[in-house]
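Reviewing the structure listed below.
The model shown is predicted, which means the values in this text are computed figures rather than measured ones. Side-chain atoms are counted along with the backbone in the values below, which use heavy atoms only and exclude waters and symmetry mates.
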Amino acid sequence: MVSRVRVWLNRTYAENVFFMEQLRRNPSDRAVEIHATHGDADSPVLAAADTAAMEPEGLSPAAYVEYALDQCDRREIDVFVPRLHQDAIVEHRADFEAVGTKLLAPTPEAVAVFQDKATAYQAVEAVGVPTPPWWRVRSADELLVAVEQLEADGHKACFKPAVGAGGVGFRVITRAPFSMSHLNGFPSPYVQLDMVLDVLRNTDEDVDWLVMPRLEQPEVSVDCLTGPDSRIRMAIGRTKNGRRRGFTLDEAWLRPARLIAEGFGLHHLSNIQFRMYEDRPVLMDVNTRPAGGLHQLQLCGINAPWAAVQLALGEDPGDLVPPFLGQDYAVISAPRPVRAVSAHADEAPAHTSTLPAVPATTAVEEPVAEATAEASAGAPATATA
């Protein structure tokens with residue numbers, strides 16, 4: 001009998017409940033058992049997992065690596081999909097392999113390059129991948145220079161943290177004075193230039209922003225699967241244009257994504273995002289982790305999470321070419337169960353028997369306490385595609 005595969009996802013995005021479901025519904029009909037940890041007791045991934053635990057609070061990256069190694073050893077984790085402290089974890093790949101765990105994550109060098117957006121832009125420019133004009137700014141005066149240059153070229157200026165994930169900290173600069181128009185309707189990402197400059201000139205906090213033109217749609221997120229041999233097995237673009245979503249195999253988007261994934265050691269799952277600058281696609285961002293929207297590829301007949309686990313285990317799934325491109329679609333919210341938390345609820349009981357490849361439809365068992373020290377640590381992550 002083929003043994004079950006035990007996979008751990010740490011403090012991951014809520015959308016990865018779909019990642020977990022695809023692992024269970026794998027085409028190999030292999031039994032998969034999923035462990036999840038988080039800092040938010042109400043994260044849906046904890047309810048969707050077979051076993052779940054709260055993560056300890058306030059650990060340094062080094063201490064978190066020790067915690068992760070202990071989790072992998074005690075729980076006999078076969079494949080670990082790290083999101084939190086990915087940079088520290090991948091530096092200890094050999095230590096994880098020593099306890100029998102494969103990391104579904106890129107090389108340390110790749111993680112280091114793409115942690116910092118300015119470093120990433122410089123690196124990809126050197127291999128011929130187009131980027132938008134950009135400035136790294138750390139002061140009000142530097143911001144003003146960048147904004148004035150972009151506006152002189154006919155662009156709207158925007159900024160975002162040089163280090164960060166998702167849309168956190170993204171703002172678009174406007175010179176329109178603050179008025180009732182900014183208080184009507186929904187909040188927008190627009191901020192007044194004079195207000196930003198005033199804050200920068202009167203703060204003691206360090207600022208490290210990337211300033212660039214606001215890029216145009218469509219946005220294309222290319223989901224890539226690359227083997228430890230640095231050969232890409234999958235590259236499929238997910239298009240976003242307003243509410244409408246779709247898929248593309250256009251080489252204008254896929255060619256630079258392959259160049260980045262293969263050239264920089266983005267092993268396993270990564271997500272490379274592009275938008276339009278003037279009349280050409282340019283790089284927007286590189287995520288060294290599975291995208292929150294990766295599960296949408298199932299509309300093209302692709303189970304990318306399972307293929308990635310196979311690669312991590314040394315089983316080559318071959319090239320993943322979609323048998324068809326799914327029709328356009330929209331993304332909507334849907335309810336997901338959370339754990340029935342009691343006063344001592346920190347962990348779901350582990351199963352001793354081999355699990356079926358497809359999960360049962362019964363409710364998730366109530367978690368049971370693992371240790372008093374494992375308390376909530378931080379807010380849930382915001383999912384991005």
Query raised in the report: What ring pair (Phe, Tyr, Trp, His ring centres under 6.0 Å) pairs are there with at least one residue in residues 271-292, not counting sequence neighbours?
Result: His155-Tyr277

Report task. State the CD1-CG distance between Ile272 and Asp285, to the nearest 0.5 angstrom. Result -> 10.5 Å

**Report entry** Short N-O contact, Arg336 and Glu21, less than 4.0 angstrom
**Finding:** yes

Query raised in the report: Do Arg244 and Asp328 meet the salt-bridge criterion of a basic N to acidic O distance under 4.0 Å?
Result: yes

Query - Lys/Arg N to Asp/Glu carboxylate O, Asp208 vs Arg136, below 4.0 Å - result: yes

Query - Lys/Arg N to Asp/Glu carboxylate O, Asp229 vs Arg233, below 4.0 Å - result: yes

Query raised in the report: For atom CZ of Arg243, is the number of surrounding heavy atoms from other residues, nucleotides or ligands below 6.0 Å larger than 12?
Result: no

**Report entry** Val207 and Phe159, any side-chain heavy atoms less than 4.5 Å apart
**Finding:** no

Query raised in the report: Where does the angle between the aromatic ring planes of Phe114 and Phe264 fall among parallel (under 30°), tilted (30 to 60°) and perpendicular (over 60°)?
Result: perpendicular

**Report entry** Donor + acceptor pair across side chains of Asn26, Gln22 (<3.5 Å)
**Finding:** no

Query raised in the report: Just wondering, are more than 12 heavy atoms of other shown residues or ligands nearer than 6.0 Å to CD in Glu76?
Result: no

Query raised in the report: Do Arg30 and Glu315 meet the salt-bridge criterion of a basic N to acidic O distance under 4.0 Å?
Result: yes

Query raised in the report: In terms of the angle between their ring planes, are Trp134 and Tyr121 parallel, tilted or perpendicular, with boundaries placed at 30° and 60°?
Result: perpendicular

**Report entry** Residue pair Thr174 / Leu193, side-chain heavy-atom distance below 4.5 Å
**Finding:** no

Query raised in the report: Is the CG atom of Asp206 crowded by more than 12 outside heavy atoms at less than 6.0 Å?
Result: no

Requested in this report: For Asp87 and Gln115, test the side chains for any donor-to-acceptor distance below 3.5 angstrom and give the result as yes or no.
Outcome: yes

Query raised in the report: At what distance, to the nearest 0.5 angstrom, does CG of Leu46 lie from CG of Asp40?
Result: 7.5 Å

Report task. Classify the side-chain pair His38/Arg11 by whether it contains a donor and acceptor separated by less than 3.5 Å. Result -> no

Report task. Step through it carefully: locate the ring centre of His85, locate the ring centre of Tyr64, and say whether they are under 6.0 Å apart. Result -> yes

Query raised in the report: Do Phe247 and Tyr329 make the cut of ring centroids closer than 6.0 angstrom?
Result: yes

Query - CG-CG distance between Leu283 and Leu259, expressed to the nearest 0.5 angstrom - result: 11.0 Å

Query raised in the report: For Glu262, which residues count as a side-chain contact (heavy atoms from CB on, under 4.5 Å) partner, sequence neighbours excluded?
Result: Arg231, Ile232

Requested in this report: Show the numbers, then the answer: is there a side-chain contact (heavy atoms from CB on, under 4.5 Å) between Leu103 and Ile89?
Outcome: CA-CA 9 Å; Leu103 295 183; Ile89 288 166; 3.9 Å; yes

Query - 4.5 Å side-chain heavy-atom contact, Asp78 and Val7 - result: no

Query raised in the report: Going by atom types alone, do Gln71 and Asp73 pair a side-chain donor with an acceptor below 3.5 Å?
Result: no

Report task. Measure the CD1-OG1 distance between Ile77 and Thr101 for me, rounded to the nearest 0.5 Å. Result -> 6.5 Å

Query raised in the report: If you measure only the distance, is there a donor-acceptor pair under 3.5 Å linking the side chains of Trp253 and Thr248?
Result: no

Query raised in the report: Do Arg171 and Cys158 have side-chain heavy atoms sitting under 4.5 Å apart?
Result: no

Query - salt_bridge(Glu151, Arg175) N-O dist < 4.0 Å - result: yes

Query raised in the report: Is Arg4 salt-bridged to Glu33, going by a charged N under 4.0 Å from an acidic O?
Result: yes

**Report entry** Electrostatic pair Glu251-Arg258, nearest N-O below 4.0 angstrom
**Finding:** yes

Query raised in the report: Looking at CG of Leu311 and NE2 of His268, how far apart are the two atoms once the value is rounded to the nearest 0.5 Å?
Result: 7.0 Å

Query raised in the report: Any luck finding a side-chain donor-acceptor pair between Ser230 and His267 under 3.5 Å?
Result: yes

Requested in this report: Verify whether one side chain among Gln86 and Thr288 offers a donor that lies under 3.5 Å from an acceptor in the other.
Outcome: yes

**Report entry** Glu97 bridged to Lys102 by N-O distance under 4.0 Å
**Finding:** yes

